[in-house]
Undergrad: 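Quick one: this structure, given as structure tokens, is what I'll be asking you about.
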Amino acid sequence: MSATATDCPECDGSVEQQGCESVCAHCGLVVGEDAIDPGPEWRSFEDGDTNRARTGAPLTRSRHDRGLSTEIGRSTRLKGRKRRQISRLRREHNRAQISSKRERNQVYAFTEIRRIVSALGLSEAIRDRACVLFESAQNESLLQGRTLEGFAVAAVYATCRTDGVARTVDELCAVARADRAELRAAYDALNRDLGLPTGPIDPREYVPRFATTLDLSTEVRRRAEELVDEASERGLVSGRNPAGVAAACLYTAARELDAALTQAEAADVADVTPATLRGTYTELQD
């Protein structure tokens with residue numbers, strides 16, 4: 001028992017600490033009780049040996065139920081009738097998790113979004129925002145007459161555009177289950193009806209990634225970034241494919257620094273034609 005410097009709010013007597021309680025020594029008033037324990041709750045039904053924290057996975061917007069649903073696990077200790085009964089319960093439980101066509105579409109689209117984001121190495125923040133954007137499109141009834149695959153990849157593309165993450169349409173279509181026409185139709189609907197805050201992509205965003213893919217030196221990358229700034233000041237970026245401008249600046253920088261890089265290699269990494277690359281390269285030389 002140890003005394004504290006605080007006074008009792010009732011009689012101005014001294015308050016003493018007794019375990020988790022603060023008690024007035026004169027009138028017996030309990031001033032404070034139930035101290036907060038900041039530690040974890042030591043209880044787990046699933047993995048009590050290695051992970052004793054009771055809390056589960058955090059909420060996520062990348063699942064139709066925010067990750068709150070439960071699952072019936074599997075066990076090798078169940079045999080015979082009991083095992084068949086649990087299997088039937090698991091099947092019915094999985095069916096009950098999706099109660100409408102709307103939720104079924106969300107499950108499919110969110111799964112596609114997670115797959116695309118994983119294939120492109122994008123962040124979880126982009127994944128969650130893309131799922132929220134798809135849900136907004138669904139609330140505005142924009143999915144009618146368009147494919148779920150197209151809206152899934154369009155949501156990822158639109159999120160990358162709004163976050164300033166450089167990803168081309170061809171890169172997205174290469175890993176998605178939708179073609180360019182489906183992506184464009186869905187993206188136009190999102191941009192038109194939801195008013196996405198998208199602007200032109202800065203070609204500078206493509207330079208580091210293209211330079212790494214082409215195995216170019218740091219000096220070439222820095223010179224290419226300077227050329228991009230110069231092209232922007234001269235108005236050579238407006239109306240052009242930003243990936244093509246970045247590739248042309250890398251090719252120009254490689255030529256200036258005697259680095260091994262052909263027009264075909266630079267055009268291939270940006271998924272543009274060599275003629276497109278030569279047009280920007282020629283104007284940079286003027």
Side-chain angles (χ1 to χ4, degrees), residues 46-47 50-51 55-71 73-74 90 94 97-98 101-139 142-143 146-191 194 196-198 201-202 204-215 242-243 246-247 268-271:
E46 180 179 1
D47 189 11
T50 59
N51 181 20
T55 55
L59 294 177
T60 175
R61 296 302 300 268
S62 64
R63 297 187 180 275
H64 76 288
D65 55 5
R66 306 293 189 270
L68 291 175
S69 62
T70 58
E71 295 182 0
R74 300 177 182 272
R90 186 186 302 108
N94 292 336
Q97 288 181 339
I98 302 175
K101 182 178 179 181
R102 172 188 173 85
E103 290 187 356
R104 187 181 302 110
N105 291 341
Q106 282 188 359
V107 170
Y108 181 81
F110 288 0
T111 302
E112 177 69 1
I113 289 174
R114 292 196 301 271
R115 189 186 64 81
I116 294 172
V117 168
S118 177
L120 294 175
L122 300 173
S123 65
E124 293 183 357
I126 290 180
R127 178 200 66 190
D128 293 343
R129 290 185 59 187
C131 292
V132 172
L133 183 58
F134 177 87
E135 189 173 357
S136 299
Q138 194 176 35
N139 293 336
L142 302 182
L143 273 62
R146 302 180 179 93
T147 63
L148 294 175
E149 295 86 350
F151 262 98
V153 66
V156 177
Y157 177 65
T159 305
C160 290
R161 288 286 303 270
T162 55
D163 285 5
V165 178
R167 288 296 185 273
T168 64
V169 172
D170 294 308
E171 286 178 310
L172 287 161
C173 291
V175 298
R177 294 191 175 98
D179 55 24
R180 177 187 287 267
E182 291 174 317
L183 187 155
R184 181 58 59 186
Y187 177 75
D188 289 344
L190 290 172
N191 200 19
L194 298 183
L196 300 177
T198 57
I201 300 177
D202 187 1
R204 193 185 180 97
E205 299 292 333
Y206 291 100
V207 172
R209 187 157 53 89
F210 288 173
T212 301
T213 303
L214 295 170
D215 196 22
D268 183 65
V269 74
D271 200 16

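Below, each value reflects all heavy atoms present in this structure, side chains not excepted, and no hydrogens, waters or symmetry copies.
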Undergrad: Above 12 or not: heavy atoms from other molecules or residues under 6.0 Å from CD of Glu124?
TA: no
Undergrad: With the side chain counted from C-beta on, respond yes when Arg161 and Asn191 share a heavy-atom pair under 4.5 Å apart, and no when they do not.
TA: no
Undergrad: May I ask you to test the Leu143-Phe134 pair for a side-chain heavy-atom distance under 4.5 Å?
TA: yes
Undergrad: Between Glu112 and Leu148, does a side chain to side chain contact (heavy atoms under 4.5 Å, CB included) hold up when you go through it step by step?
TA: CA-CA 9 Å; Glu112 177 69 1; Leu148 294 175; over 6 Å; no
Undergrad: Do Asp163 and Ile126 touch side chain to side chain, with heavy atoms closer than 4.5 Å?
TA: yes
Undergrad: Side-chain contact test, heavy atoms from C-beta onward, threshold under 4.5 Å: evaluate it for Arg146 versus Phe151 and give yes or no.
TA: yes
Undergrad: Quick one: does Tyr187's side chain get under 4.5 Å of Val169's, heavy atoms only?
TA: no
Undergrad: Please report the shortest heavy-atom distance between Leu183 and Ala154, naming the atom on each side.
TA: O-CB, 3.9 Å
Undergrad: In Å, rounded to the nearest 0.5 Å, how long is the span from OG of Ser136 to CG of Leu190?
TA: 9.0 Å
Undergrad: Can you name the closest pair of heavy atoms from Ala178 and Val153 and give their distance?
TA: CB-CG1, 4.1 Å
Undergrad: Please report the shortest heavy-atom distance between Arg115 and Ala176, naming the atom on each side.
TA: NH2-CA, 3.7 Å
Undergrad: Looking only at non-hydrogen atoms, find the nearest pair between Gln138 and Arg102 and report the distance.
TA: NE2-O, 3.2 Å
Undergrad: Just by distance, do the side chain of Arg127 and the backbone of Ser118 share a donor-acceptor pair under 3.5 Å?
TA: no
Undergrad: Just how far is it from atom CZ of Phe110 to atom CZ of Arg114, taken to the nearest 0.5 Å?
TA: 8.5 Å
Undergrad: Nearest 0.5 Å, what's the CZ-OG1 distance between Arg167 and Thr159?
TA: 13.0 Å
Undergrad: Spell out, as yes or no, whether a donor-acceptor pair under 3.5 Å connects the side chain of Asp202 to the backbone of Arg204.
TA: yes
Undergrad: In Å, rounded to the nearest 0.5 Å, how long is the span from CG of Leu142 to CG of Asp188?
TA: 12.0 Å
Undergrad: Closest approach of Val269 and Phe210, non-hydrogen atoms and distance?
TA: O-CE2, 3.7 Å
Undergrad: Is it the case that the side chain of Arg209 and the backbone of Glu205 share a donor-acceptor pair, with hydrogens and angles ignored and the cut-off at 3.5 Å?
TA: no
Undergrad: For atom CG of Asn139, is the number of surrounding heavy atoms from other residues, nucleotides or ligands below 6.0 Å larger than 12?
TA: yes
Undergrad: Which atom names give the shortest non-hydrogen contact between Leu194 and Ala137, and what distance separates them?
TA: CD1-N, 4.2 Å
Undergrad: List the residues meeting salt bridge (Lys or Arg N to Asp or Glu O under 4.0 Å) with Glu149, not counting sequence neighbours, and say none if there are none.
TA: none
Undergrad: Could you state the interatomic distance from OG1 (Thr213) to CG (Asp268), rounded to the nearest 0.5 Å?
TA: 10.5 Å
Undergrad: What's the verdict on salt bridge (Lys or Arg N to Asp or Glu O under 4.0 Å) for Arg177 and Glu182, showing C-alpha distance, side-chain angles and the deciding distance?
TA: CA-CA 10 Å; Arg177 294 191 175 98; Glu182 291 174 317; over 6 Å; no
